[in-house]
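Structure first, then comments.
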Amino acid sequence: MRLIARYAKEKQDYFELITVFDTQTEKQRITKEHPHTDSIATQYPSALWFERKIHDDFGIVFDGSFDNRSLVHQESFPPNVHPMRKSFTQKTLDFAPYKAYKYEEIRGDGVFCVSVGPIHAGIIEPGHFHFSQAGEDMLHQEVRHFYKYRGIEKMCEGKTLFEAKAIIERISGNESIAYQIAWRDIAVRATAIELPLPLRKYHALLLELERVVHHLTDLGFIANDGGFGAALAWGSKLAEDVRRKLKQLTSHRFGFGAITFAKPFLDTAELQSWSEQLEKEVLFFEEWISDIPSVWDRFDTTGILTRKKCLKYGVVGVMARASGMAYDTRAEPFYVEHGFEIVTQTSGDVAARFKLRFAEVKNSLKMIRSLMEESPCALTTPISTVQDGEYEAFVESSLGELYMAVEIVDGVIERFFVRDPSFINWQVLHTMMPGNIIADFPLINKSCDLSYAGNDL
Amino acid sequence: MIRFWIKRVQKGTLTENKAVDEALEALKKELKSTIGKKFAGSLSIRMADSGSCNACEAECNALSNPYYDLERLGIHFVASPRHADVMLLSGVMTFNMTPHVKDAYEQIPAPKWVITLGDCPMMQAPFEPSFAIKAPAEEHFKVTHHIAGCPPEPKAIIEGFLEFLRKI
């Protein structure tokens, strides 16, 4: 079984621990008097962050876990505060005395540690990486995040689905459309409305545009991190073209607020020729960079993620597909009818992820041409009231499988949970480091291009 | 590779000029001369993300693409606060990030300024005050200039830099 998520809810007189696998969902009651349960982290290593987070959020203790450190609550976070409990209603918190965090470190003769972050040298999000080094060789790396922890889950509680949308679309800017589509699926189920096909196609088109922007940006940056700056100029030029197209279609460069229940008129002829032109440029870019041996010297065999680790950790998205796992949420009739073809690579290195992104851009452009429809469209029936209940949604964002679960009670959100694909994938990153030199870390990290904001919430 | 150079010559310069956007061009000229006068040719910016959604960072990265090419105006993003004149702050100042952002600010040699980027540091984004958020930024720093938007577009960021330079 593949672990998708593990999270908790507070009920009237007990905690409910929910573990979502690809084949089943398990629910377990935990008493409030003795909030203890068994860890599954030995069997499912990516359960570790979920469990550490649940401990911070609710104070539930996982017996038998090999790591009980705080995850979300950092050095100056007040101890014994569990913000996801319903009894916690404070709007401000004061800094507590500094308590050092114990990093995973390898010790030995000549072994030393390198700390990187949270603020990095480039224009990127904050996060911390802790390396144990033997000279240039990386022996171990610990990924430590949650610097961007904004308390989104708590913030959404008590709001209606429609009030929470502005927050949900700003969880991770690079995946805004994917988050909005997850929100849409939940709203559709909760209000029992039938989504017209043209509307669904339009939303899928925007999702593919978002994927194209993200992949093109990465294709520039990965090569740049491999020391080939000219590719960044090309990649970022193409990404800007797509961003401007997104702005033209949705009046926002990141598509904030784009997923609504009405579809505007679409100039299909113009979009057709635009996408064909872009495809030519992408093909040129691919052919050109495929011919630069020094780039491939950096990419090949660097940062290998094995298929075995993918299975063990339940890795999703680009990282999984580059390691030979044919797994994509879009592998369903609707997307397949509109040109979706799953692409995989087998070597699991930076080169595999780089090539996979090119293949996915080309597939997305093909899908865009198949998904476009000219006439505007809107819901014929008004949106009815939201039915109370538990709803979940899966969307393939540009990073991978996004999972969202919402419980609605009395018309407002009782519990909002979302698991960004990065939350799983960050945890496997350390397995890709041994055997590589520290100078290749930025390259490996960029080739995965995981989200910090979506991970930290 | 030879085909790349042929394509390169055919494409010419992409950076948006008068024909594409006259206003931007006028702005760039003004910006260049102001920077020359006030900062001996170059303005160095340390970008610090205190808990954004990454859209503001993406737009700052877009400033280096061939359409905007910010560096030719003498404005660059630097790798260390110790090289910087200005801290460009995005995000909602999360509980976990606030001490680190303050540390970075301390490391900037005086005279120094803070520019806030996007709606988050001013608490104008849809995020609500929460236990995990320490914004607005004014409670922690003297903010000289604010660039509004969610996220501000690259052109708005360039205009924001100009307005900042007019202020000081």
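Atom set for the values below is all heavy atoms of this structure, side chains included, hydrogens, waters and symmetry mates excluded. Naming: A, B, ... by sequence-line order, numbering from 1 per chain.
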With chain A, which of B:Thr94, B:Leu88, B:Val78 has the greatest number of heavy-atom pairs at distances under 4.5 Å?
B:Thr94
Can you say whether A:Arg253 sits under 4.5 Å from chain B via the side chain, the backbone, both, or neither, judging by heavy atoms?
side chain
Intermediate values then yes/no, side-chain contact (heavy atoms from CB on, under 4.5 Å), B:Cys120 and A:Arg170
CA-CA 11 Å; B:Cys120 280; A:Arg170 284 168 178 81; over 6 Å; no
Determine the minimum heavy-atom distance between A:Ile119 and B:Arg46, stating which atoms define it.
CG2-NH2, 3.7 Å
Answer key: most heavy-atom pairs under 4.5 Å with chain A among B:Ala58, B:Pro81, B:Ser52 is B:Ser52
Using heavy-atom distances under 4.5 Å, tell me whether A:His120 contacts chain B through its side chain, its backbone, both, or neither.
backbone
B:Ser90 versus chain A, the contacting section by heavy-atom distance below 4.5 Å
neither
Just distance, no hydrogens or angles: give the donor-acceptor pairs under 3.5 Å from side chains in residues 103-110 of chain B, sequence neighbours left out.
unit_1, atom_1, unit_2, atom_2, d
B:Gln107, OE1, B:Arg82, NE, 2.8
B:Gln107, OE1, B:Arg82, NH2, 2.8

Smallest separation among heavy atoms of B:Asn96 and A:Tyr149, with atom names
ND2-CB, 3.9 Å
Please flag which part of B:Cys56 lies under 4.5 Å from any non-hydrogen atom of chain A: side chain, backbone, both or neither.
neither
Interface moiety of A:Tyr452 toward chain B, non-hydrogen atoms closer than 4.5 Å:
neither
Where A:Lys148 and B:Asp49 come nearest, the two heavy atoms and their spacing
NZ-OD2, 2.7 Å
Starting from the C-alpha separation in whole Å, work towards a yes-or-no answer on side-chain contact (heavy atoms from CB on, under 4.5 Å) for B:Phe131 and A:Val81.
CA-CA 11 Å; B:Phe131 65 92; A:Val81 171; over 6 Å; no
Side chains of B:Cys53 and A:Phe256 in contact at under 4.5 Å (non-hydrogen atoms):
yes
Let's test your reading of the structure: which of A:Arg243, A:Gln90, A:Glu240, A:Glu175 forms the most heavy-atom pairs below 4.5 Å with chain B?
A:Glu240
Examine whether an atom of A:Glu287 lies under 4.5 Å from a heavy atom of chain B, and if so say whether it belongs to the side chain, the backbone or both; otherwise answer neither.
side chain
With under 30° as parallel and over 60° as perpendicular, where do the rings of B:His100 and A:Tyr147 fit, or are they tilted in between?
perpendicular
With chain B, the option among A:Lys247, A:Glu169, A:His73, A:Glu75 that has the most non-hydrogen atom pairs under 4.5 Å is A:Lys247
Portion of B:Pro151 that has a non-hydrogen atom of chain A nearer than 4.5 angstrom
both
Can you tell me which portion of A:Lys165 sits under 4.5 Å from chain B's heavy atoms? Options are side chain, backbone, both or neither.
neither
Would you indicate whether the side-chain heavy atoms of B:Tyr67 and A:Asp241 approach each other to under 4.5 Å?
yes
Neighbour count above 12 (heavy atom, 6.0 Å) for A:Lys86 NZ:
yes
Proximity breakdown for A:Gln74 and chain B, heavy-atom pairs closer than 4.5 Å
both
Which portion of A:Ile123 sits near chain B, non-hydrogen atoms under 4.5 angstrom
both
Check whether any side-chain heavy atom of B:Asn61 sits under 4.5 Å from a side-chain heavy atom of A:Phe221, and report yes or no.
yes
Does A:Pro78 reach the side chain of B:Phe95, with side-chain heavy atoms less than 4.5 Å apart?
yes
Given the rule in the side-chain contact (heavy atoms from CB on, under 4.5 Å) test, do A:Ile152 and B:Phe127 qualify, once you have shown the distances and angles that lead to the verdict?
CA-CA 8 Å; A:Ile152 299 263; B:Phe127 300 115; 3.4 Å; yes
Counting only non-hydrogen atoms closer than 4.5 Å, does B:Ser130 touch chain A with its backbone (N, CA, C, O), its side chain (CB onward), both, or neither?
both
